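Encoded as C-alpha cells, the structure appears first; notes follow it.
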Amino acid sequence: MTTTPYPTVRLHISGEWRASGSGASAPVVNPATEEVIGAVPLATTADLDDALTAADHGFRIWRGTPVAERTAILHRAADLITERAPEIGRVMTLEQGKPVKEATGEAIRTADTLRWHVEDARRAYGRTIPAPPGTLLSVRREPVGPVAAFVPWNFPVGGPNRKISAALAAGCSMIIKASEETPATAAALVACYADAGLPPGVLNLVFGEPAAVSAHLIASPVTRLVAFTGSVPVGKLLAAQAGTVMKPTLMELGGHAPVIVCADADPVRAAGRAARAKFLNAGQVCTSPSRFLVHESHYEDFTAAFVKAAEEVVVGDGADGTTTMGPLANDRRLAAAERLTADAVRRGATVRTGGLRPDRAGYFFPPTVLTDVPDDAQILAEEPFAPLAPIRPFRDLDDALAVANSLPFGLAAYGFTESAATAAKLSAELEAGILSINHCGGSVHEAPSGGVKESGYGREGGPEALDAYLVTKRVSHQLE
Ligand code: NAD
C-alpha cells in the first residue's frame, strides 16, 4: 500500500490559490481509518463576494475568447487531467475511500468527458430562418453567464467536471462549491484548468458551510444559473431559493433504481451484472441498482448468484491494490446502512450475506443481500446509497412495473429480459431518465443522463448537456 501525503487545500479565486479570509477550516477525514488527514478552508462572505466579482469578470473575458482559443485551453486541461490521473486517484482514495484503480479510472474518464464537451461546443450552432425580403431572422445560442455549481462527494472528480466541462465549453464562467469531504480532489481538478492557461476568474473553487454558501451565491445578481448534484431535499431547497430570484436550475438528484429480472431472463447473468454495479463505489452512486424485483421462477437462482458475487467482493482500504470495495465515504452513510438493515430485519427480512459492520476502524459496511423484504421496509422507499441489495419476488410483470414506478423518484432503471417485446414494454413503461436493458452500465458522456419526477430535471452528457448552459436569442434584423 502506498501512502500519499495529503495536500494543503486552498480556495481558487480569480486565478489565485488562497486560504479562507478568516482562516476558518474544517477537518478532512480518511474514511478507511477515521483519521484526520488534512483541512478544508471555509470561505467567508467576503471570499464569496470576491469569487462573484471574479466570475463576473471572467465571464466577460471568456465569452469574448475565440472558440479556437477556448478549445485549445480546454484540450490542454484535459491532457493535464490525463497526465495527473494517478495522483488525482491516490488523493481521491484518501479522502473518499474508493479503490485507487476505480478513482484513477474516474479521473481518466473525466478527461474524455471534457474533450467530448469541448468538441460539441464547437458545433453549438444557431440557425437562420427564411424570412420576408429585407429581413434577417436568426437564432443565436449564447452562454447563459456565471454559474453557481454545487457538487457532492461520491464522484470527487467526475462530478465537478461534468459541470465545469460543459459550462466552460459553452463559454460560461463558474463558481463551484465542491464537497468539503473531498476537497483536495476538486482542487487538483481545478489546478488542471488553471495550469492549462484559463483566464483568471473563469473557474473559481470555494468550500464553506453549504447552506450559507449556496444562499449567498444564488441570491447574487451575478449568478445566472444554479447547477446542483445531490440529494432530493437539498435540490428542492436550492430550486426554491433560485425560484425567488427567477434563476434557471439544473438538478441532478437522487433516485432508487429498480432492477426488474423478467421470467425470460438469464438470472445468473443478470445477478453478476447487477451485483457489479451494486457494489461499485460501495453503492454510493445516484444510479446504483437498489431495488431488485425478480420473477418468482428465478428468485432463488438470482439470489444465490447475487450472494456469491457479493461474497467475492474484497472489502478494504481503497489504497490497497487488492481492494474491490472501500469503506463508505462518511459516518452518515454508515449510520444509514446500519439503520436500513436493522429496520428491514425488524420487519421480517432475512440477511443472506453481510449485514454487520466489521470490528475495525473506518466506515466499512459489507456487501449485504436482504430477501423476504416486506413492502413497508424503509429500504424499499429510501435510497440506500450504501452496498445494500433488497431482493423481492414478483409473479406478474405489470405488478413489478407498478412497484418500480411507485416511488416519487425516476433516475435510473434496469431490466433483464431475452424478449424484444418485453424489452420494448420495459422501455416504454419504466419511469426513469436513464434506462438500461440487460446491463447496469454507468453514465457515458456521449449520451444524456438525468431524472424525471423528483430525481430532477435537465441533462448532463450528450449534446443536451450544453442546453442548460446556453440561452437562445432570437435576432430579427430589418435591412431596409
Ligand atoms: P446531503 O443532502 O446532506 O448533501 C448532499 C450534498 O449537498 C453534499 O455535497 C452537501 O455538501 C450538499 N449540500 C447540503 N446542503 C446544501 C445546501 N443548503 N446548499 C448547497 N449544498 C448543500 O446528503 P449527504 O449525507 O451528503 O448524502 C446523502 C444523500 O444525498 C444520499 O442518500 C443521496 O440520496 C444523495 N446524494 C446524491 C448524489 C447524486 O449523485 N445525485 C450524490 C451524493 C449524495
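Every value quoted in this text rests on a predicted model; they were computed, and no experiment measured them. Atoms within each ligand, like the ligands themselves, are counted from 1 in listed order. Values reported hereafter were calculated over all heavy atoms of this structure, with side chains retained and with hydrogens, waters and symmetry mates removed.
- Nearest non-hydrogen protein atom to atom 38 (C) of ligand 1 is Phe385 CZ, 3.6 Å.
- Atom 10 (C) of ligand 1 is not flagged as protein-proximal [any protein heavy atom, distance under 4.0 Å].
- The atoms of ligand 1 that sit less than 4.0 Å from any heavy atom of Leu238 are 19 (N), 20 (C).
- Scanning Gly230, Pro210, Ala212 for the heavy atom closest to atom 21 (N) of ligand 1 points to Pro210.
- Nearest to atom 33 (C) of ligand 1 among the protein's heavy atoms is Glu383 OE1, 3.2 Å.
- Nearest protein heavy-atom neighbour of atom 16 (C) of ligand 1: Val234 CG1, 3.4 Å.
- Considering every non-hydrogen atom in both Pro143 and Ala170, the closest pair reads CB-O, 3.3 Å.
- In terms of protein heavy-atom proximity, atom 18 (N) of ligand 1 is nearest to Ala211 CA, 3.3 Å.
- At a heavy-atom distance under 4.0 Å, only backbone atoms of Leu253 (N, CA, C or O) approach ligand 1.
- Around atom CD of Glu16, no more than 12 heavy atoms belonging to other residues, nucleotides or ligands sit under 6.0 Å away.
- Set against the non-hydrogen atoms of Ser214, the atoms of ligand 1 under 4.0 Å away are 17 (C), 18 (N), 19 (N), 20 (C).
- In this structure, the protein non-hydrogen atom closest to atom 26 (O) of ligand 1 is Trp153 NE1, 2.7 Å.
- Under 3.5 Å, the side chains of Ser288 and Ser290 contain no donor-acceptor pair of N or O atoms.
- The aromatic rings of Phe150 and Phe228 lie tilted to each other, with the angle between the two planes from 30° to 60°.
- The shortest contact between atom 39 (C) of ligand 1 and any protein heavy atom is with Cys286 CB, 3.5 Å.
- Proximity of a side-chain donor or acceptor of Lys247 to a complementary backbone N or O of Ala242 within less than 3.5 Å is not detected.
- Heavy-atom separations between Val151 and ligand 1 include at least one value shorter than 4.0 Å.
- The heavy atom nearest to atom 35 (C) of ligand 1, out of those in Ala215, Ala149, Ser231, is found in Ser231.
- Checked against Gln96 for a side chain to side chain donor-acceptor pair (under 3.5 Å), the options Asn281, Asn154, Asn30 give a single hit: Asn281.
- The closest approach between Phe228 and ligand 1 falls below 4.0 Å for a heavy atom of the residue.
- In terms of protein heavy-atom proximity, atom 25 (O) of ligand 1 is nearest to Arg332 NE, 2.7 Å.
- At least one heavy atom of Arg333 sits less than 4.0 Å from an atom of ligand 1.
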Show, in sequence, the C-alpha distance, side-chain angles and deciding distance for Thr223 and Ile175, and conclude whether the side-chain contact (heavy atoms from CB on, under 4.5 Å) test is met.
CA-CA 9 Å; Thr223 299; Ile175 303 173; 5.6 Å; no

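- No more than 12 heavy-atom neighbours from other residues, nucleotides or ligands sit within 6.0 angstrom of CZ on Arg224.
- Against a heavy-atom cut-off of under 4.0 Å, Thr229 is close to the following atoms of ligand 1: 39 (C), 40 (O), 41 (N).
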Check against salt bridge (Lys or Arg N to Asp or Glu O under 4.0 Å), Glu106 and Lys101
CA-CA 9 Å; Glu106 183 184 324; Lys101 193 169 157 216; over 6 Å; no

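- Annotation: the span from Leu340 atom CG to Ile379 atom CD1 amounts to 5.5 Å, rounded to 0.5 Å.
- Of all atoms in ligand 1, listed by their number and element, those nearer than 4.0 Å to a heavy atom of Glu252 are 41 (N).
- Glu338 CD to Leu388 CG: the interatomic distance, rounded to the nearest 0.5 Å, is 10.5 Å.
- The shortest contact between atom 42 (C) of ligand 1 and any protein heavy atom is with Pro152 CG, 3.3 Å.
- Atoms CD and OG1, from Glu102 and Thr104 in turn, are 10.0 Å apart once rounded to the nearest 0.5 Å.
- Under a 4.0 Å criterion applied to the non-hydrogen atoms of Leu237, ligand 1 contributes the atoms 18 (N).
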